[in-house]
Amino acid sequence: QRKGGDMAATPVQTDPFRAFEAHVRHHEVIERYVANRVADPALAQQVVAAVHLEAAARIAQAPEHPLPWLIALARHECARVRRVEDPRWA
């Protein structure tokens, strides 16, 4: 932390290459996570793409070790899709 309690920016937040590398490095893990929760393979790929887009849009929030954060984004996207696909989950 910096003086005054502000969080210092992580390398993933400030270096576009590191952010891209983090997505590539964890892509298969995110794919497997989503595939275990979304039965339709085509829909699962759409969810994975949405996770990566959301992560790119929120890169300023990315922690230094982004895998748990990416999994949380995937969990939320899977839940969103489940609510849309089956209103009983809403």
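The structure displayed is predicted, hence computed values, not measured ones.
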Contact list for residues 42-56, test side chain to side chain donor-acceptor pair (under 3.5 Å), sequence neighbours left out: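 For residues 42-56, and leaving out neighbouring residues, the side chain to side chain donor-acceptor pair (under 3.5 Å) pairs sorted by first residue read His23-His52, His27-His52, Glu31-Gln45, Glu54-Arg58.
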
Pairs meeting criterion side chain to side chain donor-acceptor pair (under 3.5 Å) with involvement of residues 69-79, two or more places apart: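 Side chain to side chain donor-acceptor pair (under 3.5 Å) check on residues 69-79 returns Glu77-Arg80.
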
Give the minimum heavy-atom separation between [X] and [Y], together with the two atoms involved.
{"X": "Val51", "Y": "Ala74", "value": "CG2-CA, 3.5 Å"}
{"X": "Cys78", "Y": "Val47", "value": "SG-CG1, 4.1 Å"}
{"X": "Ala44", "Y": "Ala35", "value": "CB-CA, 4.5 Å"}

Single-linkage hydrophobic cluster Val38~Tyr33, side-chain heavy atoms < 4.5 angstrom: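 Same cluster.
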
Joint cluster assignment, Val81 & Leu53, ILVMFWY side-chain distance < 4.5 Å: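 Cluster IDs for Val81 and Leu53 differ.
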
Within-4.5 Å side-chain heavy-atom neighbours: Leu43 and Glu85: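 SC-SC contact between Leu43 and Glu85 confirmed.
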
Residues in side-chain hydrogen bond (donor to acceptor under 3.5 Å, both in side chains) contact with Arg32, at least two apart in sequence or another chain: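 Partners of Arg32 by the side-chain hydrogen bond (donor to acceptor under 3.5 Å, both in side chains) criterion come out as none, since no residue qualifies.
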
